[in-house]
Structure formats: structure tokens, C-alpha cells
Amino acid sequence: MVKGNDMNKTKLTVNSNGSVKVEGDFEIVDMQGNVYGLQGRTVVSLCRCGHSANKPFCDGAHKGKFDHEATAFELPPRKV
Ligand code: FES
């Protein structure tokens, strides 16, 4: 498995049984393109369990309620 270590890329870390941590240079927008104000944060965690009261951000509500062991894998080739 290839290790991700390019410091210039925005990095998303899929945490087991929890959130996706996003770090680097990024912005998060809603469906209308409005930007979430991150107050200078360069690291945030996004909810992927559906239980957060502060979506799209993780508030820790996943603990004990979400089960997914995150292990990287290869997607199948893109259809062209
Ligand atoms: S992943 Fe943390 S509350 Fe959903």
C-alpha cells in the first residue's frame, strides 16, 4: 500500500469508527457554494457516522455507535 506523505496535498484521514480528518489548505462549502467559517482552523474532522449534532463536523457522537474499520484499498479502474 502506498503511504501518503506529500506535504503539499490536502490530506484526508479516514479514522476507524469515526470521522474523516481534513488537514492542509482547503475550504468547505455547502451545496450553494457558501463557505463554512473555520476561524483559521487548518485541521477539522468531518462526521461520517450521521450522529453529529454539528454536521458536517464531528462532535464525538460516533463513539460506540459507528463501526467501520478504515483500511485503504484500490478502487477499480475508471470507466471511460
Ligand atoms: S463521525 Fe464523529 S460524530 Fe459522526
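When a ligand or atom number is given, it counts from 1 through the structure's own listing order.
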Step through the shown structure and confirm whether more than 12 heavy atoms of other residues, nucleotides or ligands are within 6.0 Å of NZ on Lys55.
yes
With Asn17 via side-chain hydrogen bond (donor to acceptor under 3.5 Å, both in side chains) - residues at least two apart:
none
I'd like the contact residues of ligand 1, where contact means a heavy atom below 4.0 Å.
Gly18, Ser19, Cys47, Arg48, Cys49, Ser52, Cys58, Asp59, Gly60, Ala61, His62
Could you check whether any side-chain heavy atom of Val22 comes within less than 4.5 Å of a side-chain heavy atom of Ile28, counting everything from C-beta outward?
no
Spell out, yes or no, whether Phe57 and Leu12 are grouped together once hydrophobic residues are joined by side-chain heavy atoms under 4.5 Å, including indirect joins.
yes
Heavy-atom neighbours of Asp25 CG exceed 12 at 6.0 Å:
no
Determine, using the 4.5 Å side-chain heavy-atom cutoff (strictly less than), whether Tyr36 and Val20 are members of one ILVMFWY cluster.
yes
